[in-house]
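Have a look at the structure below, then the notes.
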Amino acid sequence: MTIYRRLHRRFGPRHWWPAETPFEVVVGAVLTQNTAWTNVERAIANLKQARALTPERLLTAPLTQIARWIRPAGYFNLKARRLWAVVAWWRANPPRVTRRRPLLPLRQELLDVYGVGPETADSILLYALGRPSFVVDAYTKRIFARHGWVRREAGYDEIQQTFTRALPARAPLYNEYHALLVELGKHFCRPHQPNCQACPLRDLGTLRLEPGAR
DNA sequence: AGCCAGGACTGAG
DNA sequence: CTCAGTCATGGC
């Protein structure tokens with residue numbers, strides 16, 4: 001039994017990302033940085049109510065106004081600037097054109113945008129553009145470190161390669177895999193909540209990532 | 001009352 | 001290059 005099968009049997013399909021449009025994914029990816037998703041929902045609701053959830057409105061609005069809209073998401077002054085930068089990139093690089101470009105140069109270009117780190121870049125690539133770029137977040141690292149499947153001092157790229165080395169590069173698989181790991185993390189892998197005894201992955205032993213193998 | 005949440009940037013060593 | 005400090009709201 002592999003990790004993927006165990007998680008999918010336990011939680012079922014997650015239907016990520018929770019957004020109505022790819023652009024909303026991009027906005028959410030920035031707003032959720034180190035922030036609870038419930039707070040992001042309020043910020044996005046504010047943007048929708050103000051009819052400001054479009055590149056045009058966000059790029060012409062003053063940063064102070066953007067900050068007021070996204071206030072519930074925290075770090076609002078910081079994120080107002082990051083949001084502006086990412087939205088500017090999105091408008092200059094529409095999905096129709098971006099979809100045809102090689103993945104790694106595209107990823108590097110996203111990383112060069114202010115406020116876009118590895119997780120945000122991969123989230124945009126995977127969930128807004130449907131590209132096979134595996135997302136590693138705090139839950140992913142904590143889960144795998146606790147099980148001894150990655151080194152505790154491992155960085156983002158090292159953990160990501162653990163997945164991409166073993167998995168077929170398919171966006172639907174990466175999509176579901178990351179969403180399942182987040183769901184597992186929320187219930188069983190909090191920092192100071194060692195109820196790892198109830199973790200569905202408890203008795204898996206050595207690392208088996210691949211979706212199909214038994 | 002703290003601790004935490006689907007991080008990333010900056011400056012110092 | 002590694003790493004503490006910084007950013008900020010809302011839930012539990």
Side-chain angles (χ1 to χ4, degrees), chain A residues 3 7 11 13-20 22 24-47 49 63-90 107-129 131 133-146 150-160 163 171 174-196 199:
Chain A
I3 295 169
L7 293 175
F11 298 113
R14 305 314 307 147
H15 306 299
W16 263 34
W17 179 291
E20 295 182 357
E24 190 176 327
V25 173
V26 173
V27 172
V30 172
L31 294 183
T32 198
Q33 289 170 356
N34 200 41
T35 299
W37 182 253
T38 54
N39 290 4
V40 177
E41 288 181 315
R42 297 175 182 203
I44 289 183
N46 288 343
L47 291 170
Q49 186 167 7
L63 286 181
T64 55
Q65 175 65 273
I66 298 177
R68 277 193 288 275
W69 284 327
I70 67 174
R71 184 168 169 266
Y75 309 125
F76 45 81
N77 291 310
L78 187 59
K79 284 177 178 175
R81 283 183 273 127
R82 293 181 179 180
L83 196 53
W84 195 95
V86 176
V87 171
W89 181 88
W90 181 260
R107 181 176 192 267
Q108 186 54 52
E109 190 174 303
L110 269 169
L111 290 174
D112 291 336
V113 176
Y114 176 75
V116 178
E119 183 183 344
T120 305
D122 291 329
S123 296
I124 292 171
L125 288 169
L126 181 58
Y127 291 105
L129 295 171
R131 303 296 294 267
S133 206
F134 201 93
V135 178
V136 175
D137 70 337
Y139 285 131
T140 309
K141 174 167 186 177
R142 197 178 305 135
I143 292 165
F144 275 64
R146 282 187 179 179
V150 299
R151 305 183 305 134
R152 304 198 82 93
E153 62 272 20
Y156 189 99
D157 293 344
E158 180 178 342
I159 298 174
Q160 187 185 46
F163 288 88
Y174 287 7
N175 180 322
E176 190 63 26
Y177 217 135
H178 171 67
L180 286 168
L181 287 173
V182 171
E183 194 65 20
L184 175 73
K186 284 181 178 177
H187 294 289
F188 299 102
C189 210
R190 300 282 182 170
H192 237 298
Q193 177 187 16
N195 60 340
C196 297
C199 177

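Order of the sequence lines fixes the chain letters, A, B, ..., with proteins taken first and strands second; residue numbering starts at 1 for each chain.
Ring geometry, A:F188 versus A:F11: the interplanar angle falls from 30° to 60°, so the pair is classed tilted. Note on ring orientation: taking the six-membered ring where Trp is involved, the planes of A:Y177 and A:F134 are perpendicular (angle over 60°, cut-offs 30° and 60°).
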Protein-proximity profile, nucleotides 7-13 of chain B, B/S/- by nucleotide at the 4.0 Å heavy-atom cutoff, equals BBS----
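With 3.5 Å as the limit, one finds no donor-acceptor pair spanning the side chains of A:D122 and A:Y174.
Remark: A:Y75 pairs with no residue by the ring pair (Phe, Tyr, Trp, His ring centres under 6.0 Å) rule, at least two apart or across chains. Not a single side-chain hydrogen bond (donor to acceptor under 3.5 Å, both in side chains) links A:E176 to another residue, sequence neighbours left out. Under the rule for a side-chain hydrogen bond (donor to acceptor under 3.5 Å, both in side chains), A:R131 has no partner lying at least two apart in sequence or in another chain. Residues forming a salt bridge (charged side-chain N to carboxylate O under 4.0 Å, His left out) with A:E41 (at least two apart in sequence, or on another chain): none.
Boundaries of the chain A contact region on DNA chain C are C:dC7 to C:dG11, first to last in 5' to 3' order (nucleotide atom under 4.0 Å from a heavy atom).
With both ends at atom P, the span from B:dA1 to C:dA8 equals 25 Å, rounded to whole Å.
Other residues, nucleotides and ligands contribute more than 12 heavy atoms inside 6.0 Å of the CD atom of A:E153.
Residue A:R142 is classed as a sugar-phosphate contact, given heavy-atom separations below 4.0 Å to backbone atoms only.
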